[in-house]
Amino acid sequence: MAKEEADTWELDEPAARTHTPPGWPIKVIEFSASGKAPKKYGPNTYRFGASLTLSVVLPRRGWSLVKQTKNYAYLTPPPDQLGPNFRISIAVPPASECLAIARRCHARAESWAYQLGEWPAWYLHERNRDMRRLWRDPVTGEMASELHPAPPGSSLSIGQWGIWEMHVSGIAGNFVIGRAPPAAPANGSLGVPADALTEGELRTVELTKHERNVKARRECIRHFGYRCQACDLSYEDRYGPIGADLIHVHHLTPLSEIGEAYRVDPIRDLVPLCANCHHVVHRRNPPYSIAELRSVITEQAKRTLA
């Protein structure tokens, strides 16, 4: 988009022009403070993440914005709000409207970042989803690669993590809620090929290792996306293009406990984790569950910010 166009460009969506778009119901959203603000800001001032949204939304509802930083907002609630858990009434788009917005944006064929209602929102159009597998040739020692092509995908995100959010993803204009593939394969198996996917078969080389199934990994990522399901880290969000398509895939039941080849379900048996979370879950045998890890992350954040 040329600079002249960018200076005057406006999103042609009714929800971009009002805080209470037609058809959006008003819902009560519950959210929590990350902790108390430093004492110098007063005894009743709280620290919140999602500063981009809360620093704007809460003052409209009687809150006082004391300070805003890149990552946090310090706000004082009105007298009728008792912390650290709070509620606000706010217009939230129904799933059907999110799908309709995504389809309209796909027809327009432009990526954008804007505001819908009172929520930050962004649409990414036809992004490349090809994956390239890299390995070192055991004979020559040279690096080799194999391209795994995939159709480009589009996505719509409305809201902000930690308060309320809705994600829509799709291929060729066919959208669904969430990060699942937008169209089921012909065999109706959520992207799992008709032939059974097995892994864990013992294969002797210089040592004995459990064989991983590349197709199962691919289907797991296609369903969940490249975002850590424990801490919500996206390598691309943090590192830009060089972090795109990076993620570990964790076996909820370790292959070493199964001890033999078995039919793997990429959606129920596997889950994407960032390298840090993947390392931490294996600090214990059996590994920590994803729910346990999420709880630990939440509690640690509270202690750190208190």
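- One N or O on the side chain of Gln160 and one on the backbone of Thr53 form a donor-acceptor pair closer than 3.5 Å.
- Expressed to the nearest 0.5 Å, how far SG of Cys220 lies from CG of Asp269 amounts to 9.5 Å.
- Contact between Ala16 and Leu116 at its shortest, heavy atoms only, is N-CD2, 3.9 Å.
- With a 6.0 Å radius and a threshold of 12 heavy atoms from other residues, nucleotides or ligands, Asn276 has its CG atom at or below the threshold.
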Could you pull out every donor-acceptor pair under 3.5 Å between side chains of residues 137-145 and any protein atom, sequence neighbours left out?
from, atom 1, to, atom 2, distance (Å)
Asp137, OD1, Val139, N, 2.8
Asp137, OD1, Thr140, N, 3.1
Thr140, OG1, Glu142, N, 3.2
Ser145, OG, Arg132, NH1, 2.9

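- In this structure, Ile88 CD1 and Glu118 CD are separated by 7.5 Å, a value rounded to the nearest 0.5 Å.
- Nearest heavy atom pair, residue Pro94 against residue Pro25, reads CD-CD, 3.8 Å.
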Kindly indicate, with the supporting measurements, whether the criterion side chain to side chain contact (heavy atoms under 4.5 Å, CB included) is fulfilled by Glu219 and Ile267.
CA-CA 8 Å; Glu219 295 303 328; Ile267 311 305; 5.5 Å; no

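- Ile29 and Ile177 fall within the same hydrophobic cluster, where Ile, Leu, Val, Met, Phe, Trp and Tyr residues are linked whenever their side-chain heavy atoms come under 4.5 Å apart, directly or through other members.
- Within the 4.5 Å cutoff, side-chain heavy atoms of Thr69 are placed close to those of Tyr74.
- Between Phe86 and Trp63, the ring-plane angle classifies as perpendicular under the 30° and 60° cut-offs.
- Test Arg218, Lys215, Arg129 against His148 for side-chain hydrogen bond (donor to acceptor under 3.5 Å, both in side chains) and you get one pass: Arg218.
- The backbone N or O of Gly117 lies less than 3.5 Å from a partner atom in the side chain of Gln115, making a donor-acceptor pair.
- Both Met166 and Trp112 are members of a single hydrophobic cluster when ILVMFWY side chains are connected at heavy-atom separations under 4.5 Å.
- With contacts defined as side-chain heavy-atom distances shorter than 4.5 Å, the pair Asn85/Glu30 does not qualify.
- Taking every heavy atom of both residues into account, Ala150 and Asp130 meet most closely at N-OD1, 2.7 Å.
- Proximity of Pro59 to Leu75: side-chain heavy atoms (C-beta onward) are separated by under 4.5 Å at one or more points.
- Proximity of a side-chain donor or acceptor of Glu292 to a complementary backbone N or O of Ser289 within less than 3.5 Å is detected.
- Without hydrogens or angle criteria, Ser154 side chain to Glu126 main chain gives a donor-acceptor distance under 3.5 Å.
- With hydrogens and angles disregarded, no donor-acceptor distance shorter than 3.5 Å links the side chain of Arg127 to the backbone of Gly153.
- Between Thr18 and Pro22, the shortest heavy-atom distance links the atoms CG2-CD, 4.5 Å.
- Heavy-atom contacts from other residues, nucleotides or ligands closer than 6.0 Å to CH2 of Trp122 number more than 12.
- Remark: the backbone N or O of Gln229 is paired with a side-chain donor or acceptor of Arg294 at under 3.5 angstrom.
- Of all non-hydrogen atoms in Val92 and Lys27, the two that sit nearest each other are CG2-CB, 4.3 Å.
- Cys98 places a side-chain heavy atom less than 4.5 Å from the side chain of Ile158.
- Proximity of Tyr72 to Lys67: side-chain heavy atoms (C-beta onward) are nowhere separated by under 4.5 Å.
- You'll find the side chain of Thr45 stays beyond 4.5 Å of the side chain of Lys36, heavy atoms only.
- The ring of His282 has its center closer than 6.0 angstrom to the ring center of His250.
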Please assess Leu58 against Leu65 for the test side chain to side chain contact (heavy atoms under 4.5 Å, CB included), listing each intermediate value before the final yes or no.
CA-CA 8 Å; Leu58 294 184; Leu65 177 61; over 6 Å; no

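- Checked against Arg227 for a side-chain contact (heavy atoms from CB on, under 4.5 Å), the options Asp232, Ile221, Ile247, Leu273 give a single hit: Asp232.
- Partners of Trp24 under the ring pair (Phe, Tyr, Trp, His ring centres under 6.0 Å) rule, at least two apart in sequence or in another chain, do not exist in this structure.
- Counting non-hydrogen atoms of other residues, nucleotides and ligands closer than 6.0 Å to CZ of Arg87 gives a total of 12 or fewer.
- Atom CZ of residue Phe175 and atom SG of residue Cys105 lie 8.0 Å apart, to the nearest 0.5 angstrom.
- Side-chain heavy atoms closer than 4.5 Å link hydrophobic residues (I, L, V, M, F, W, Y) into clusters, and following such links, possibly through other members, connects Tyr226 to Val249.
- Separating the NE2 atom in His106 from the CD1 atom in Ile171 is a distance of 10.0 Å, to the nearest 0.5 Å.
- Side-chain atoms of Ser155 and Ser169 include no donor-acceptor pair closer than 3.5 Å.
- Here the SG atom belonging to Cys228 is positioned 6.5 Å from the CD1 atom belonging to Ile297, to the nearest 0.5 angstrom.
- Atom CZ of Arg284 is surrounded by more than 12 heavy atoms from other residues, nucleotides or ligands within 6.0 Å.
- In terms of modelled atom types and a separation under 3.5 Å, the side chain of Arg61 and the main chain of Ser89 share a donor-acceptor contact.
- A single hydrophobic cluster is not seen to contain both Leu233 and Trp161; linkage of ILVMFWY side chains at heavy-atom distances under 4.5 Å, directly or through other members, places them apart.
- Taking the six-membered ring for Trp and thresholds of 30 and 60 degrees, Tyr46 and Phe48 have ring planes inclined between 30 and 60 degrees apart.
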Checking side chain to side chain contact (heavy atoms under 4.5 Å, CB included) for the pair Trp119/Glu165: CA distance, chi angles, key distance, verdict?
CA-CA 9 Å; Trp119 301 104; Glu165 59 183 340; over 6 Å; no

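- We find the CD-CG distance between Gln68 and Leu54 to be 10.0 Å, quoted to the nearest 0.5 Å.
- A side-chain donor-acceptor contact under 3.5 Å links Ser111 to the backbone of His125.
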CA sep, side-chain torsions, deciding dist, call: Asp245, Tyr235, side chain to side chain contact (heavy atoms under 4.5 Å, CB included):
CA-CA 8 Å; Asp245 303 341; Tyr235 282 103; over 6 Å; no

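- Placement of Leu124 and Ile101 in two distinct hydrophobic clusters is found when ILVMFWY residues are connected by side-chain heavy-atom separations under 4.5 Å, directly or transitively.
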